[in-house]
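A short write-up of the structure that comes next.
This chain uses plain numbering: 1 for the first residue, then up along the sequence.
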Amino acid sequence: MTHPIDRPFSFGLAASSPLLERYDNHLTRRLASMAGYYLDSEAYTAQLAQENSLVYEVYEIRRPEQAGELLSGLSILHPGKVGTEYFMTKGHFHAVLETGEIYHCLNGRGALVMETPEGEWAVEALHPGQVLYVPPRWAHRSVNTDPTEDLVTFFVYPGHAGHDYGTIEKFGFRKLLVEQDGQPILLDNPRWHPPETRR
Ligand code: S6P
Ligand code: ZN
């Protein structure tokens, strides 16, 4: 007999609540889980002492993590900053590097910061209705540049992709998004080193 999970299914998607009609897992990332990610470590420590803010949430539709499957869900990145650096996701390479991802922005304003293992970089704007294709091999991080709105994106990626956080956790992305005179600008990340000089 066919298991119900192997039957086609559909679900509603909306930028406002209820965001996903159905989901299997709700993941939350608070400031405390992001030690070392923001450039201004003093601002990070001071802000964390005030409040362990909710930075982002992910609602996942679970499927077997294997080739042929597609994993999808909703990412909600709240507005905020640490120092002048906008709230962002940790960011990752896929463990199986040759796997891409699609992001569809439903609400808010921001960007996806991306880079390859060789150090090539790209920053693409996210706004409602925008679909962004992340090719295989490109690490990706969402950044919310709106002062008040959640950045809401629906994502889809291959079931066997997996996640590799280590490189980004250690060196960050090549480019940072910070606020200057009320506007987002790109900065070179001083913690970043060319891959060939890393150890
Ligand atoms: C997974 C996909 C998203 C992120 C989510 C949180 O491949 O890219 O579901 O997991 O946006 O970001 P991060 O970097 O903490 O996994
Ligand atoms: Zn991903």
Side-chain angles (χ1 to χ4, degrees), residues 11 13-41 43-62 71-95 101-115 123-128 130-132 134 138-157 161-170 172-173 175-179 184 186 189:
F11 50 89
L13 186 61
S16 56
S17 254
L19 297 163
L20 274 182
E21 264 175 10
R22 52 149 293 186
Y23 59 88
D24 305 307
N25 192 37
H26 178 209
L27 194 144
T28 56
R29 289 274 179 262
R30 293 187 175 274
L31 210 50
S33 73
M34 297 193 75
Y37 275 89
Y38 290 92
L39 184 63
D40 188 340
S41 52
Y44 172 82
T45 307
Q47 195 162 325
L48 184 57
Q50 291 291 311
E51 192 189 347
N52 186 14
S53 312
L54 183 59
V55 181
Y56 60 102
E57 306 173 65
V58 182
Y59 291 87
E60 296 174 327
I61 294 174
R62 280 251 167 91
L71 305 180
S72 64
L74 207 67
S75 159
I76 302 169
L77 177 55
H78 297 296
K81 282 181 293 177
V82 174
T84 58
E85 193 174 6
Y86 293 105
F87 271 11
M88 60 193 183
T89 58
K90 292 184 173 186
H92 57 266
F93 285 96
H94 287 164
E101 186 157 344
I102 292 263
Y103 276 82
H104 180 200
C105 182
L106 300 168
N107 190 69
R109 210 158 40 108
L112 214 65
V113 176
M114 293 164 279
E115 77 183 47
V123 176
E124 290 283 331
L126 288 171
H127 46 80
Q130 200 72 5
V131 177
L132 213 157
V134 182
W138 287 75
H140 39 283
R141 159 184 287 165
S142 315
V143 182
N144 185 350
T145 57
D146 195 280
T148 55
E149 286 282 313
D150 285 341
L151 178 67
V152 181
T153 50
F154 180 71
F155 58 84
V156 189
Y157 64 102
H163 294 91
D164 168 9
Y165 290 95
T167 308
I168 300 298
E169 186 176 7
K170 198 163 175 195
F173 281 78
K175 298 288 172 181
L176 307 176
L177 268 163
V178 301
E179 187 185 87
L186 276 178
N189 170 15

Taking all non-hydrogen atoms of both residues into account, name the closest pair between [X] and [Y] and its distance.
X      : Y      : answer
Gly108 : Pro128 : O-CD, 3.1 Å
Pro184 : Thr145 : CB-CG2, 3.9 Å
Phe173 : Ile168 : CE1-CG2, 3.4 Å
Val55  : Met88  : CG1-O, 3.7 Å

Pairing residues for [X] by the salt bridge (Lys or Arg N to Asp or Glu O under 4.0 Å) criterion, not counting sequence neighbours:
X      : value
Asp40  : none
Glu169 : none
Asp146 : Arg109

Can you confirm whether [X] sits close enough to [Y] that some side-chain heavy atom of one is under 4.5 Å from a side-chain heavy atom of the other?
X      : Y      : answer
Tyr103 : Tyr157 : no
Pro79  : Asp150 : yes
Phe87  : Leu151 : no
Glu179 : Pro147 : no
Gln130 : Leu112 : no
Phe11  : Ser72  : yes
Leu77  : Thr153 : no

To the nearest 0.5 Å, what is the distance between [atom1] ([X]) and [atom2] ([Y])?
X      : Y      : atom1 : atom2 : value
Gln47  : Lys81  : CD    : NZ    : 9.5 Å
His78  : Thr28  : NE2   : OG1   : 9.0 Å
Leu13  : Leu106 : CG    : CG    : 5.0 Å
Phe93  : Trp138 : CZ    : CH2   : 10.0 Å
Phe155 : Ile61  : CZ    : CD1   : 8.5 Å
Tyr38  : Leu176 : OH    : CG    : 11.0 Å

**Message:** Whether the His140 and His92 side chains hold a donor-acceptor pair (N or O, under 3.5 Å, no angle test) is what I'd like checked.
**Reply:**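 Per modelled atom types, His140 and His92 side chains form a pair under 3.5 Å.
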**Asked** Would Met114 and Leu132 satisfy side-chain contact (heavy atoms from CB on, under 4.5 Å), going step by step from the backbone distance to the final call?
**Response** CA-CA 11 Å; Met114 293 164 279; Leu132 213 157; 3.9 Å; yes
**Residue pairs passing the salt bridge (Lys or Arg N to Asp or Glu O under 4.0 Å) test where at least one lies in residues 50-59, sequence neighbours excluded** = none
Test item: [X] side-chain N/O and [Y] main-chain N/O as donor-acceptor pair under 3.5 Å:
X     : Y     : result
Ser53 : Leu31 : no
Asn52 : Ala32 : yes
Tyr44 : Ala35 : yes

**Message:** If the condition is ring-ring contact (aromatic ring centres under 6.0 Å, His included), which residues does His104 pass it with, not counting sequence neighbours?
**Reply:**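 Once residues adjacent in sequence are excluded, His104 has no partner under the ring-ring contact (aromatic ring centres under 6.0 Å, His included) criterion.
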**Message:** Applying ring-ring contact (aromatic ring centres under 6.0 Å, His included), can you list everything that pairs with Tyr59, at least two apart in sequence or on another chain?
**Reply:** Tyr23, His26
**Asked** Testing Leu186, Thr84, Asn144 for side chain to side chain contact (heavy atoms under 4.5 Å, CB included) with Leu177, which one passes?
**Response**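 Exactly one option meets the side chain to side chain contact (heavy atoms under 4.5 Å, CB included) with Leu177, and it is Leu186.
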**Request:** Start with the C-alpha gap between Glu60 and Leu71, add the side-chain angles, then the distance that decides, and say whether side-chain contact (heavy atoms from CB on, under 4.5 Å) holds.
**Result:** CA-CA 8 Å; Glu60 296 174 327; Leu71 305 180; over 6 Å; no
